[in-house]
Amino acid sequence: MGHTRRVTSIIEQDQQVIAEISNDFPHTAVVYQVYPRSFADSNGDGVGDLPGITSRVPYLRSLGVNAVWLSPFYPSALADGGYDVDDHRDVDPRLGTLQDFDAMLAALHAAGIKVIVDIVPNHTSNRHPWFVQALAAGPGSPERDRYLFRDGRGVRGEEPPNDWESIFGGSAWAPTGDGQWYFHCFAAEQPDLNWENEEVREDFRRTLRFWADRGVDGFRIDVAHGLRKDMSEPYPPWGEIADIMRPDGSHPLWDRDHVHEIYADWRRIFKSYDPPRFAVAEAIVHPTRRARYASADSLGQAFNFAMQDADWRPEDYRQVINDGLADMINNRSTTSWLLGCHDTPRVASRYGLPLDDGRTAQQVARDWLLTDGTTPRLDWTLGARRARAAIMILLALPGSTYIYQGDELGLHEVADLSQEALEDPVAGRSSSEKGRDGCRVPLPWTQQEPSYGFGPGGAHLPQPDWFSGYAVSVQDADPDSTLNLYRQALALRSQLLAGDGLNWVESELSVLHFARPGGVRCITNFGTEPVALPAGEVLLSSAPIDHGRLPADSTVWMRVS
Ligand code: NOJ
């Protein structure tokens, strides 16, 4: 059978820890991410809306997810896809009303699906009343103290305070015209808030209570690692701080220890509800620091982006899984696994591009987008096949799993959007990124024009012709479709795979094989040739099993006899 080796096994005591911490809802949930403007449009204006989501609750129920996370639906000029929030406690009129929100929440709850809303505490939009007041009030005012205004350099303040850069490219400072500049980690339309200011803190407490009082079950915290900045002088030059991943909390902008004081405060709010509200952190931090956000004193969960960044290689998966489980044991929390979200090229395309030594699949895909998807050549079938195998690995792991809308249809990235169609600010500001629109194209529900069932009108980002073959209606009718694979996997997971730890099983190097305590085995063949499976009962496979052999790039769940 070739080269074999034994990989780490989780010892019994650790399994006990995992069993205890992973027993409650958020730690075992499968969460479906809805990007509201691209999910379903009820009124034909080309923009998805809340009544559109309500109309698709039966679909979400048929999928079998436990919760949905809604990306921002708040009033916004869409300078950053809704992450530029004008009012954290209202609904964008293009997406509906608060009454529509309540109706959607009630319909989801009636279907047994919990609801997580996105909280964006690092910044507001530049149209937020606070920011408008700050500009009008002038330097030194209490209104400006809610944000990060600083005097410019030069005689009249005509130079930015320092050379720091925005994540979206270009300077992180924008001028006000009166000698001061304001700081924005993201787009200039997203001024950063000053979290040393008590009014800011109190306003977010109010926002959390506002949604929790309406019945929201949990919160996804945007840029959770960015709230406590050290903006004191002298400023380090950008060259010294451009790498944001530090293992010790010493970066002036990101992942400073004091950020957890904010979340300890929020936890008191979460706990004041019955059942307690929960949260998940979007924290782009050094891997050794992620668990702090997932601890019970902080936000309780944190996305594990390592899986999203992993290449399709068994050693990458093994490493990410082992690190995630170690996090779980050391910090008595769980890992939140994901393969994609609204910020990253779709998994089916990432895994269909040739692997390139020295660059991750993520990087290869981003560069491929710059060629409008022409170079290198995407192997559509291979990527889709690997994406099916990959989701079966994630769904077999202990912890929670987040699924990005459209991945259950096996959608590829829409790589050839024209420059005129692009909406993402990243596209305009950076010559090295095409931006994130390719994974945000409105979903295909049917084969009908004008927008493949997305709504009665068009779609705010153009949908390609090939969407027709991926429509929900087409996949509904095909027992072997990716949609039906997801449905079967989710149903089996809830019966067979919740909670508990895992044991690695000795295998060939190109095979990933682990056992769950209930007896289910998850086996993935990363190699190029079929591999013989142990004798037993196949529960589900991402590709047809041929005479007891697992084909290349596929996963099986089985019981071994
Ligand atoms: C993370 C969000 O996922 C992303 O879409 C957004 O651009 C930034 N945070 C800024 O809010």
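Along the sequence shown, residues are numbered consecutively beginning with 1. As the structure lists them, so they are numbered: ligands from 1, and atoms in each ligand from 1.
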For [X], counting its heavy atoms only, list the atoms of ligand 1 lying under 4.0 Å from any of them.
| X | answer |
| --- | --- |
| Val223 | 9 (N) |
| Phe168 | 7 (O) |
| Glu282 | 1 (C), 3 (O) |
| Arg436 | 4 (C), 5 (O), 6 (C), 7 (O) |
| His123 | 10 (C), 11 (O) |

Any pair counted as salt bridge (charged side-chain N to carboxylate O under 4.0 Å, His left out), so long as it reaches residues 408-425, sequence neighbours left out | Asp424-Arg436
At the 4.0 Å heavy-atom cut-off, does Gln33 count as touching ligand 1?
->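 No.
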For the pair His128 and Trp130, name the ring-plane relationship: parallel under 30°, tilted 30 to 60°, perpendicular over 60°.
-> tilted
Can you say whether the rings of His412 and Tyr470 are parallel (under 30°), tilted (30 to 60°) or perpendicular (over 60°)?
->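 Perpendicular: the ring planes of His412 and Tyr470 meet at over 60°.
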Tell me which part of Phe303 gets within contact of ligand 1: side chain, backbone, both or neither, using heavy atoms under 4.0 Å.
->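 For Phe303, no heavy atom sits under 4.0 Å from ligand 1.
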With heavy atoms under 4.0 Å as the rule, classify the contact between Arg440 and ligand 1 as side chain, backbone, both or neither.
-> side chain
Can the ring centres of Phe303 and Tyr402 be said to be less than 6.0 Å apart?
-> yes
Quick one: list whatever passes salt bridge (charged side-chain N to carboxylate O under 4.0 Å, His left out) with Arg94, sequence neighbours left out.
->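 Listed in chain order: Asp92.
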Nearest to [atom], what protein heavy atom do you find, and at what distance?
| atom | answer |
| --- | --- |
| atom 9 (N) of ligand 1 | Asp222 OD1, 2.8 Å |
| atom 7 (O) of ligand 1 | Asp80 OD2, 2.6 Å |
| atom 5 (O) of ligand 1 | Asp343 OD1, 2.7 Å |

In terms of side-chain heavy atoms, does His184 have a donor or acceptor partner in Ser166 at a distance below 3.5 Å?
->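 Their side chains do not contain a donor-acceptor pair, so the 3.5 Å distance test is not met.
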Donor-acceptor pair between Asp309 and Thr360 side chains, under 3.5 angstrom | no
CZ of Arg214: more than 12 outside heavy atoms within 6.0 angstrom?
-> yes
